[in-house]
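What follows is a single structure, written as structure tokens, with notes after it.
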Amino acid sequence: MRTSIATVCLSGPLTEKLTAAARAGFDGVEIFENDLLASPLTPEEIRARCADLGLTIDLYQPMRDVEALPEAEFARSLRRARHKFALMRRLGADTVLVCSSVSPDALDDDALAAEQLARLASLAQDFGIRVAYEALAWGRHISTWDHAWRVVEAADHPALGTCLDSFHILSRDGDPKGIADLPGEKIFFLQLADAPRLAMDVLQWSRHHRCFPGQGGFDVAGLVRQVLRTGYAGPLSLEVFNDVFRQADAAATAVDAQRSLRMLQEEVGTAPLPPAVVPTGVAFAELVTPDAQPVAGLLGALGFARAARHRGKPVDLWQRGDARVLVNTGPAERREGTRLAAIGLTSPDPAGAARRAEALLAPVLPRRRAPGDAPLEAVAAPDGTELFFCAAPGGDAPDWRADFTDTAPAPADGCRIDHVALTQPWHHFDEAALFHSGVLGLRPQASVDVADPYGLQRSRAVTDDAGGVRIVLSVGPAPTDGTAHAQHLALATDDVVAAARRFRAAGGTLLPIPANYYDDLAARYEFADGELETYRDLGILYDRDAHGVFRHCYTHTVGRVFVELLQRDGGYRGYGAPNAPVRLAAQHTARGFTGG
Ligand SMILES: O=C(O)c1ccc(O)c(O)c1
Ligand SMILES: [Mg+2]
């Protein structure tokens with residue numbers, strides 16, 4: 001199906017919005033009146049620009065407070081409309097959106113609304129224009145899709161149809177079932193938006209918190225399926241009012257938007273995608289650093305050994321048990337300090353995983369192959385993290401480890417990468433969750449808010465069902481210090497107490513946790529003799545859920561990166577979220593002597 005996006009979704013001047021929409025692969029746009037009013041281009045120039053970019057203007061909007069008015073006022077509506085229709089001819093737009101009146105002067109009179117909308121449609125018809133009537137969820141008298149439809153049906157004018165907007169329908173818990181019975185040719189337009197479930201005034205919710213389908217809590221696909229049953233043949237158009245998108249880079253937002261529509265189309269069956277290939281494990285995490293020494297110190301104290309060296313690049317493989325960390329000191333990587341730059345994901349079908357990623361607009365990375373290197377497929381996540389799709393060892397596909405030589409034995413124990421936590425740039429959070437779930441086929445978990453001493457941190461994990469891959473995405477308060485950019489690598493061990501002691505004995509610094517935390521723990525849980533004292537001594541944090549127990553502690557930070565040592569017992573599923581405020585505060589306190 002054709003895809004369209006409202007200019008209100010994107011930041012910047014109109015021309016930048018149009019360029020971003022076209023580059024991301026949209027077929028058309030809805031032009032918001034304010035974007036046109038603020039543009040130095042004439043309507044003819046805007047029309048030409050759209051044509052050059054291969055975009056159609058699918059909708060012009062909105063006209064407000066038009067219908068169910070006393071006659072003298074309605075005459076003024078018609079006068080306004082005549083101007084707008086003349087403008088639309090210059091633009092080359094043939095559908096106008098009229099939203100249900102919010103005017104205190106509007107009368108609660110469906111027959112009058114129908115009669116006046118028919119007169120408006122007659123005028124529109126003279127200009128070759130169609131009127132799409134939409135119920136705003138906060139409309140004064142008409143606020144539901146079925147009410148708007150009844151008025152359109154009563155008006156019975158060929159140039160009058162309805163516009164369905166998923167936000168207005170689903171925010172009111174409207175039942176979209178009856179939509180399938182509408183005549184498809186009378187649905188003149190379909191606007192799509194998702195939103196998180198929030199208990200707030202519906203107008204504020206709509207104007208500030210809409211998001212792209214798949215990023216909120218609405219069943220947008222269910223609604224689209226109903227609409228498709230009618231034979232609706234117009235575009236799928238995104239109309240998202242969102243405070244973050246208004247400020248974010250338009251090009252990235254447009255890609256995020258198009259990705260969400262592609263996933264939606266896959267879900268409703270109108271445009272298939274290469275199937276998701278869910279990764280089964282973390283093959284490696286890659287740190288890039290200008291200075292190998294502090295990283296080697298950290299990994300060495302954690303019990304890792306340098307197990308191999310890349311044949312052609314300054315990259316070392318450090319390993320402990322099943323946890324593998326690449327340390328890259330290549331010259332091109334040195335500018336940004338120590339950071340977690342890449343994740344290798346074990347994939348049952350690396351080429352298939354890359355095909356899906358590409359179909360979902362992930363930038364495909366050059367393979368940067370030296371002669372003889374394993375041809376690794378790689379794409380970039382929205383935050384720039386490189387994701388490598390690695391074949392499982394022992395199969396037919398090339399093994400990334402074949403590129404490494406000087407192999408030495410690594411300590412064999414139960415250590416593995418439990419999760420990788422990546423702080424997202426603030427405007428990429430929803431995009432990141434959609435990317436990791438849609439592109440990688442990982443399941444998004446509930447979003448949690450955690451208090452940081454200087455703001456609020458939101459975080460959300462995406463995981464495979466078996467727990468082989470867990471990526472924790474978070475977005476923090478405005479960057480005031482290093483904690484806002486922090487990334488971490490969480491290592492699961494069979495004995496976190498032993499791992500913490502070993503780390504400290506080897507010269508590592510564990511994040512000190514305030515005594516008050518342990519006094520509170522003592523109040524909440526019963527511990528065996530000496531247990532709590534051990535945790536207090538090592539800075540180990542403790543949590544329980546319905547399944548089991550979680551114990552974890554944190555190392556000092558190198559560059560942007562720190563390591564969490566953890567032990568999951570009895571099938572504990574979370575990440576110790578109740579402890580996160582204490583950890584964040586401790587990291588703020590500790591910075592300065594961490595060497596970060
Ligand atoms: O918030 C509004 O006013 C508004 C305007 C036009 C729309 O299509 C819409 O869904 C909302
Ligand atoms: Mg709308």
Side-chain angles (χ1 to χ4, degrees), residues 3-10 17 26 28-38 57-67 77 80-81 84 88 93 95-104 106 117 120 129-149 151-152 160-174 176 179 182 187-195 198 200-213 216 218 220 223-224 227 232 234-246 257 260-261 264:
T3 59
S4 189
I5 184 166
T7 54
V8 74
C9 304
L10 303 170
K17 296 173 188 237
F26 283 93
V29 287
E30 297 178 24
I31 293 198
F32 253 69
E33 183 156 82
N34 279 344
D35 283 315
L36 177 124
L37 300 186
I57 301 178
D58 296 328
L59 191 78
Y60 184 72
Q61 77 141 322
M63 281 183 63
R64 300 180 189 274
D65 299 331
V66 170
E67 82 288 12
S77 293
R80 250 190 307 136
K84 296 300 168 195
M88 286 175 64
T95 307
V96 66
L97 181 143
V98 170
C99 38
S100 61
S101 185
V102 299
S103 165
L117 284 170
L120 179 76
I129 286 168
R130 313 185 308 162
V131 175
Y133 182 60
E134 170 194 59
L136 293 179
W138 56 91
R140 182 155 166 80
H141 301 295
I142 297 175
S143 56
T144 60
W145 71 266
D146 47 322
H147 195 174
W149 164 244
V151 170
V152 166
L160 180 68
T162 190
C163 168
L164 298 175
D165 178 320
S166 64
F167 180 87
H168 297 300
I169 298 169
L170 300 173
S171 62
R172 299 185 47 117
D173 291 323
I179 288 174
L182 297 186
I187 302 175
F188 282 4
F189 212 71
L190 174 61
Q191 295 179 315
L192 300 175
D194 199 344
L198 299 170
M200 68 187 295
D201 171 70
V202 72
L203 184 148
Q204 300 298 335
W205 189 13
S206 175
R207 295 253 173 100
H208 301 281
H209 299 285
R210 290 191 184 201
C211 53
F212 296 126
F218 292 169
V220 181
L223 183 132
V224 171
V227 175
Y232 171 77
L236 298 176
S237 188
L238 294 167
E239 188 201 28
V240 168
F241 306 86
N242 179 295
D243 295 349
V244 173
F245 297 159
R246 279 182 197 279
S260 105
L261 273 189
L264 182 74

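Values reported hereafter were calculated over all heavy atoms of this structure, with side chains retained and with hydrogens, waters and symmetry mates removed. When a ligand or atom number is given, it counts from 1 through the structure's own listing order. Source: prediction; values computed, not measured.
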Using modelled atom types and a 3.5 Å cut-off, is there a donor and acceptor pairing between side-chain atoms of N242 and backbone atoms of H209?
no

Report yes or no: does a heavy atom of R210 sit under 4.0 Å from some atom of ligand 1?
yes

Within the structure, does S206 bring an N/O atom to less than 3.5 angstrom of an N/O atom in ligand 1?
no

I'd like to check which ligand 1 atoms, numbered from 1 as shown, lie under 4.0 Å from a non-hydrogen atom of H168.
9 (C), 10 (O), 11 (C)

In this structure, does ligand 1 have an atom that sits under 4.0 Å from one of the heavy atoms of F189?
no

The Mg ion (ligand 2) - name of the N/O/S atom of D165 that sits closest to it:
OD2

Sub-4.0 Å atoms of ligand 1 with respect to non-hydrogen atoms of L136
4 (C), 9 (C), 11 (C)

So, are D194 and R210 salt-bridged, with charged N and O less than 4.0 Å apart?
no

Using the six-membered ring wherever Trp is involved, compare the ring planes of F218 and F167 and label them parallel, tilted or perpendicular (cut-offs 30° and 60°).
tilted

For N/O/S atoms only: which one belongs to E134 and is nearest the Mg ion (ligand 2)?
OE2

So for F241, does at least one of its heavy atoms come nearer than 4.0 angstrom to any atom of ligand 1?
yes

Out of R207, Q61, M63, Q191, whose heavy atom is nearest to atom 2 (C) of ligand 1?
R207

Could you give me the CA-CA distance, side-chain angles and deciding distance for F32 and F241, then say whether ring pair (Phe, Tyr, Trp, His ring centres under 6.0 Å) is met?
CA-CA 12 Å; F32 253 69; F241 306 86; 5.8 Å; yes

Taking the Mg ion (ligand 2) as the vertex, what is the angle from OE1 of E239 to OE1 of Q191, given to 10 degrees?
90°

